[in-house]
Amino acid sequence: RVRSSSARDRDPDGIVGASEEAPLPTAVEILAEVPLFHHLSDADCERLAARIDVERVAAGTRMFAHGDPGGSLYVIRAGVVELFFKNDTGERIVLETVGPGQFFGEISLLDGGARTTAAVVTEDLEALVVDRGDLEDLFAVSPAAAMSLLAAAGERLRNTVRLLRHTASRNPNVETEDKRTTVMRV
């Protein structure tokens, strides 16, 4: 199943994604390389691949904004997506730039909540879309897949914490010594 955000993905005969470039990896091949699904058996990987959609999105397109409803995970087959949020001062904080073989959107997939970041396509994207129902069906058959997903989500959270730790410029809870002269303070 293919979903496309642009008519340019169709050739004159109406075939979605027609291209003369080298073929992209199959859904099974790419899922097998993604840490979330790395431990799946071949049969489980094929079962999941048969259920998922493929989405094509043009560069410059916002896939979702912070707070949008979620419930799906994207595995990039081709292209690049930037994940970011704006802090309290309006500064844009880029959490990650993801490309082929990488994934994003796992938080809302796991908890069913709203998106925690915004996502913008920076290079034309083709991604596998795994929704919550796809995973629930898989976990019913393969509980080990749930542990793999949790480990990958934990790794992503650790990377985010590490990134945020490096963005803090000072601790607002610590008073700084006032080094101004008496004249400057008046």
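Predicted, not measured: the structure shown is a model, and the values here were computed from it. Any value given below was found using the heavy atoms of this structure, including those in side chains, with hydrogens, waters and symmetry copies removed.
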Trainee: Which distance, rounded to the nearest 0.5 Å, do you find between the CE of M147 and the CZ of F139?
Mentor: 10.5 Å
Trainee: Is there a path of hydrophobic side-chain contacts, each under 4.5 Å between heavy atoms of I, L, V, M, F, W or Y residues, that connects V28 with L138?
Mentor: no
Trainee: Going from CD1 on I30 to CD1 on I76, what distance comes out if it is rounded to the nearest 0.5 angstrom?
Mentor: 8.5 Å
Trainee: For residues D68 and A65, report the shortest heavy-atom separation together with the two atoms involved.
Mentor: OD2-N, 2.8 Å
Trainee: Where do A119 and V81 come nearest, in terms of heavy atoms and distance?
Mentor: CB-CG1, 3.9 Å
Trainee: What closest approach, in Å, do G101 and V34 show between heavy atoms, and which atom pair accounts for it?
Mentor: O-CG2, 3.6 Å
Trainee: Has R132 got a side-chain atom pairing as donor or acceptor with L109's backbone, closer than 3.5 angstrom?
Mentor: yes
Trainee: Among L73, V75, L135, L128, exactly one meets side-chain contact (heavy atoms from CB on, under 4.5 Å) together with I52. Which residue is that?
Mentor: L128
Trainee: Is it true that a side-chain atom of S108 and a backbone atom of A114 form a donor plus acceptor pair closer than 3.5 Å?
Mentor: no
Trainee: Check for me, please, whether F103 and V54 land in the same ILVMFWY cluster - side-chain distances under 4.5 Å, paths through other members count.
Mentor: yes
Trainee: Please round to the nearest 0.5 Å and tell me the distance separating atom CZ of R47 and atom CG of L31.
Mentor: 13.5 Å
Trainee: How about E96 and T117: do any of their side-chain heavy atoms sit closer than 4.5 Å?
Mentor: no
Trainee: Once you round to the nearest 0.5 Å, how far does OG1 of T116 lie from CD of E106?
Mentor: 8.0 Å
Trainee: Find out if a path of hydrophobic residues (ILVMFWY) with successive side-chain heavy-atom gaps under 4.5 Å connects L110 to V130.
Mentor: yes
Trainee: Aromatic rings F104 and Y74: how do their planes relate, parallel, tilted or perpendicular, breaks at 30° and 60°?
Mentor: parallel
Trainee: Is N87 atom CG crowded by more than 12 heavy atoms from other residues, nucleotides or ligands, each under 6.0 Å away?
Mentor: yes
Trainee: When you group the ILVMFWY residues by side-chain heavy-atom contacts below 4.5 Å and let the links chain together, are F84 and V80 in the same group?
Mentor: no
Trainee: Which residue is it: E29, E33, E55, E126? I am looking for the one with a salt bridge (charged side-chain N to carboxylate O under 4.0 Å, His left out) to R77.
Mentor: E126
Trainee: Is there a donor-acceptor pair closer than 3.5 Å between any side-chain N or O of D134 and the backbone N or O of D131?
Mentor: yes
Trainee: Could you state the interatomic distance from CZ (R162) to CG (L157), rounded to the nearest 0.5 Å?
Mentor: 10.5 Å
Trainee: Does D124 reach the main-chain N or O of G79 with its side chain, forming a donor-acceptor pair under 3.5 Å?
Mentor: no
Trainee: Assess whether side-chain contact (heavy atoms from CB on, under 4.5 Å) is satisfied between V94 and R92, documenting all intermediate values.
Mentor: CA-CA 6 Å; V94 176; R92 182 179 166 132; 4.3 Å; yes
